[in-house]
Amino acid sequence: GYIKTNNFQIDNKSKKGLEGLAIITKNRTTLDNIQVVGIDLENDYINYIPFIYWQLSAASDIPENDHMVDKLNEYMSNGGMLFLDLAGNDINLKNYPIVRRLNIKELEPLNRDHLLARSFYLLGDFIKEDINDTIWVEREPSSEFDNVSAIIIANNDYAKIWAMDNNLQPLFPMATNKINTRDMLYRLGVNLMIYVFTGSYKSDQIHLPFILERLKQ
């Protein structure tokens, strides 16, 4: 899902971006039938939605109120993931009133050893060389929800990168000359979906050979 703002262009881009990510994920994995919904944060029930994308900027600011804050905090505490995309804007979260009141644990930059960097594609070198501190995750996510970070904060306008038309062609240009970067960011999106939907499953599989060896003894 994506949080609807007061800006049509941002909302349309968020919608197209998540729809594009759903297509990419379906084409590259067995994870399909991902539905994309727009969310009215004031009125909609959100706890059944496993992943929520929210692009934050001065143009997309929505009024702060206790109900919205409580709803987002409850959502994250119940196992939902909130993806905040600052889209190249001010990275100081204190400048976003509603974010200041969210129960955000200590964060750390995404590193090459994090499960998100290897849940489907192995993105270690790309994370190290290209992402470079533009994605933050919880340092110690809750074990109650498979150690999946309840919040991810990014600064790269991912909806713009993932958005595509009916012919699966990108809707927006990228501000880079690196030929393979868009596909690597597609892969990061796929990893994100696997991370959201399967939790620590991939991490558990890493230890499978050791478990099987022990069972033989």
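The basis for the numbers below is simple: all heavy atoms, side chains too, and nothing from hydrogens, waters or symmetry mates. Here the structure is a predicted model, which means the values were calculated and not measured.
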Should [X] and [Y] be regarded as members of a common hydrophobic cluster, given that ILVMFWY residues are connected when their side-chain heavy atoms come within less than 4.5 Å of each other, either directly or indirectly?
X     : Y      : value
Ile10 : Leu171 : no
Ile24 : Leu122 : no
Leu41 : Phe8   : no

Which pairs pass side-chain hydrogen bond (donor to acceptor under 3.5 Å, both in side chains) with one or both residues in residues 72-86, sequence neighbours excluded? Tyr53-Asp85

Determine whether Lys13 and Lys160 satisfy the following criterion, side-chain contact (heavy atoms from CB on, under 4.5 Å), listing intermediate values before the conclusion. CA-CA 6 Å; Lys13 181 173 61 176; Lys160 181 178 180 180; 3.7 Å; yes

Sequence neighbours left out, what passes salt bridge (Lys or Arg N to Asp or Glu O under 4.0 Å) with Arg139? Give chain and number order.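 With sequence neighbours excluded, Arg139 shows a salt bridge (Lys or Arg N to Asp or Glu O under 4.0 Å) to Glu106, Glu108, given in chain and number order.
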
Which residues satisfy the salt bridge (Lys or Arg N to Asp or Glu O under 4.0 Å) test with Asp70, sequence neighbours excluded?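 So Asp70 forms no salt bridge (Lys or Arg N to Asp or Glu O under 4.0 Å) with any residue.
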
Please tell me if the side chains of [X] and [Y] come closer than 4.5 Å, counting only heavy atoms from C-beta onward.
X      : Y      : result
Leu21  : Ile34  : no
Leu56  : Thr5   : no
Tyr121 : Ile194 : no
Met81  : Met76  : no
Leu168 : Ile23  : yes
Lys105 : Glu140 : no
Leu82  : Leu102 : yes

Working note: Leu123 + Leu188, criterion side-chain contact (heavy atoms from CB on, under 4.5 Å); need CA distance, chi angles, decisive distance, verdict. CA-CA 8 Å; Leu123 301 178; Leu188 178 62; 4.1 Å; yes

Restricting to non-hydrogen atoms, name the atom on [X] and the atom on [Y] that form the minimum distance, rounded to 0.1 Å.
X      : Y      : value
Asp125 : Arg112 : OD1-NH2, 2.7 Å
Gly1   : Leu18  : O-CD1, 3.3 Å
Glu138 : Pro141 : OE1-CA, 3.3 Å
Tyr195 : Ser149 : OH-N, 2.9 Å

Would you find a donor on one side and an acceptor on the other, under 3.5 Å apart, between the side chain of [X] and the backbone of [Y]?
X      : Y      : value
Asn7   : Gln9   : yes
Ser119 : Asn191 : yes
Trp162 : Leu185 : yes

Separation between [atom1] of [X] and [atom2] of [Y], rounded to the nearest 0.5 Å:
X      : Y      : atom1 : atom2 : value
Ile52  : Ile3   : CD1   : CD1   : 5.5 Å
Ile104 : Leu72  : CD1   : CG    : 10.0 Å
Met193 : Phe120 : CE    : CZ    : 13.5 Å
Phe172 : Ile161 : CZ    : CD1   : 11.5 Å
Phe83  : Phe51  : CZ    : CZ    : 5.5 Å
Ile152 : Leu116 : CD1   : CG    : 5.0 Å

Please evaluate residues Glu19 and Tyr2 with respect to the criterion side-chain contact (heavy atoms from CB on, under 4.5 Å), reporting the C-alpha separation (whole Å), side-chain torsions for both, the decisive distance (0.1 Å), and the verdict. CA-CA 11 Å; Glu19 288 176 344; Tyr2 64 94; over 6 Å; no

Could you give me the CA-CA distance, side-chain angles and deciding distance for Val148 and Leu115, then say whether side-chain contact (heavy atoms from CB on, under 4.5 Å) is met? CA-CA 9 Å; Val148 172; Leu115 182 55; 5.8 Å; no

Evaluate whether atom NZ of Lys26 has more than 12 neighbouring non-hydrogen atoms of other residues, nucleotides or ligands under 6.0 angstrom away. no

Lys16 atom NZ, neighbour heavy-atom count above 12 within 6.0 Å: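 Open.
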
Any donor-acceptor pair under 3.5 Å linking the side-chain atoms of Asp11 with those of Gln55?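 Looking only at side-chain atoms, Asp11 and Gln55 do not form any donor-acceptor pair under 3.5 Å.
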
Do the side chains of Lys71 and Asp44 get close enough for a salt bridge, i.e. N-O under 4.0 angstrom?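 Salt bridge: no.
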
Is Asp113 salt-bridged to Arg118, cutoff N-O under 4.0 Å? no

